[in-house]
Amino acid sequence: MQELGVTDPGDAALWTGITLGVTPAIVALCAPLWGRVGDRFGNKLLVQRSLLSCVIVMALMAKATEPWHLFVLRAAQGLLAGYGPLTLTMAARSAPPERMASAIGAVQTAQRFGPAIGPAIGGVLTSAVGLRNSFLVSALVYVVAFIMLTMMYKERRDDVVPPRATEERVSFSNVLAFENFLLLMLVIFALQVVDRSFGPVLLLHATNVGYKVGRAEVLVGALFSALALSAVVGHQLAAVLLRRTTARAVIVVALLAAAASLLLFALVESAVLMLVTIASFGVSAGTALTTSFTAAGSVVPRHAHGVGFGFLTGAALIGSAISPALSGLLAVRSINAVFLSGAAVLALLVLLVRRLMVERNLPFESAPAVDET
């Protein structure tokens, strides 16, 4: 932004914020629509179109000469891209029902690692080839992804699933009416709000508890790494737990563990204990998130998976988008209020899930034992 002539630091921060935020906002709004198109024509074709549009948009970003150019291009990327929800649908459809949780967890693991290592790679690229050329390198990454998808992903004929004559056509409102779906959307939204609330406040929290400049930055980097890696463990753990018990039980226990971890994190000052508690939160939140996606996907007919996962991913993106702002507003009053309010939100979710979520065995869950006496 500064290279494009925005000299005031505040204006540069504002332009950067709205430019970064417009893409996930538009993706969240368009995800159910692209999901509906994917249900009718196949997801592979749509993801190919999405990746090609990203190649073009990224290359054009390298040629931007005004701040609004970048904003418009990022908005176009949000409108034309949206491959995240589609890849979740592809994972759910490519796996047998009993392995759906593992497939969704694998995709979510990739989605965790991308944002975790992307900024570091971007910093190295900028130093090596310059800001503008780093956009061209990013466009090349999309080219590689397009080639891999085209050559390696085989979409079966039955992956494009038309509704049977006996099945009701699923509209957007129908999807929201499926058993547990709205509740699980709320769980996913709230989990993302709490999970992404750390960004604006972790460094402030580290300095508040006594870590000096230099040590605080190192600690915060380690905390973010622990959070990302532990969430990956949680994504994989969900599939294991769902073979042993019900989705509702997994979500309730995981949310309770996440709430307890946040409370402890707000109270401890030792670096080791901070790492342990944030890792505990990451495992718990990752487990609850993957279980919620899987349980919600299981109640949507296969021919409407694209729309269903579009709504679920949209809820996650909206939660991620508004979380930093909410966290900043709370931090004005108290840094610890961010963690304590997050724990309170998770505790409220536990009550809602226990009271409202209908208990049902998923294809990958063990059926409850029958007392034959």
Side-chain angles (χ1 to χ4, degrees), residues 9 13 16-17 20-21 108-127 190-237 254-289 316 319-347:
T16 301
L20 289 175
Q108 289 179 321
T109 296
Q111 291 173 340
R112 277 275 182 178
F113 273 128
I117 67 175
I121 295 174
V124 174
L125 271 177
T126 301
S127 300
L191 276 169
Q192 289 298 100
V193 169
V194 176
D195 184 42
R196 300 307 170 100
S197 66
F198 296 109
V201 300
L202 267 190
L203 184 58
L204 296 171
H205 179 66
T207 54
N208 275 1
V209 298
Y211 290 91
K212 296 181 179 179
V213 176
R215 286 193 66 196
E217 286 82 354
V218 173
L219 173 60
V220 169
L223 289 172
F224 275 122
S225 297
L227 180 61
L229 292 173
S230 60
V232 167
V233 174
H235 295 322
Q236 304 304 314
L237 180 61
L255 290 175
L256 279 173
S261 300
L262 269 186
L263 283 175
L264 290 173
F265 182 83
L267 298 175
V268 301
E269 297 183 0
S270 159
V272 173
L273 291 178
M274 290 171 75
L275 284 167
V276 170
T277 50
I278 204 168
S280 174
F281 170 82
V283 171
S284 305
T287 301
L289 191 64
S320 299
I322 69 172
S323 178
L326 293 176
S327 177
L329 289 173
L330 282 171
V332 171
R333 304 181 70 87
S334 165
I335 301 297
N336 270 350
V338 176
F339 310 122
L340 297 177
S341 61
V345 167
L346 295 175

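From a predicted model like this one, the values you see are computed outputs, not experimental measurements.
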note = For Leu289 and His235 the tightest heavy-atom approach is CD2-CE1, 4.2 Å

message = If I take atom OG from residue Ser197 and atom CD1 from residue Ile322, how far apart are they, to the nearest 0.5 angstrom?
response = 11.5 Å

request  = For the residue pair Gln236 and Thr109, confirm or rule out a side-chain donor-acceptor distance under 3.5 Å.
outcome  = yes

key: Closest heavy-atom pair and its distance - Leu340, Ala266   = CD2-CB, 4.2 Å

remark   = In short, Gly282 meets Leu227 closest at the heavy-atom pair CA-CD1, 3.9 Å

message = Main chain of Glu269, side chain of Tyr211: is a donor-acceptor contact present, judged purely on distance under 3.5 Å?
response = yes

message = Rounded at 0.5 Å granularity, tell me how far OG in Ser284 sits from CG in Leu256.
response = 9.5 Å

query = Do Thr207 side-chain atoms and Leu204 backbone N/O form a donor-acceptor pair below 3.5 Å?
reply = yes

request  = Identify the two heavy atoms, one from Val201 and one from Ser327, that lie closest to each other, and give their separation to 0.1 Å.
outcome  = CG1-OG, 3.5 Å

query = Which is it for Phe198 and Val220 under the side-chain contact (heavy atoms from CB on, under 4.5 Å) test, yes or no, and what are the steps along the way?
reply = CA-CA 10 Å; Phe198 296 109; Val220 169; over 6 Å; no

ask   = Which of these, Asn336, Val338, Leu219, sits in a side-chain contact (heavy atoms from CB on, under 4.5 Å) with His205?
value = Asn336

query = Between Phe339 and Phe281, is the ring centre distance below 6.0 Å?
reply = no

query = Atom CZ of Phe265 and atom CG of Leu275: how far apart are they, to the nearest 0.5 Å?
reply = 8.5 Å

ask   = Pick from Ile278, Val276, Val283: which one makes a side-chain contact (heavy atoms from CB on, under 4.5 Å) with Ser230?
value = Val283

query = Which heavy atom of Ser261 sits nearest a heavy atom of Ser280, and at what distance?
reply = OG-OG, 2.7 Å

request  = Apply the side-chain contact (heavy atoms from CB on, under 4.5 Å) test between Leu255 and each candidate in Val194, Val345, Leu191; give the one that qualifies.
outcome  = Leu191

task = Locate the shortest heavy-atom distance separating Gly342 from Leu262; write the atom from each residue and the value.
result = C-CD1, 3.6 Å

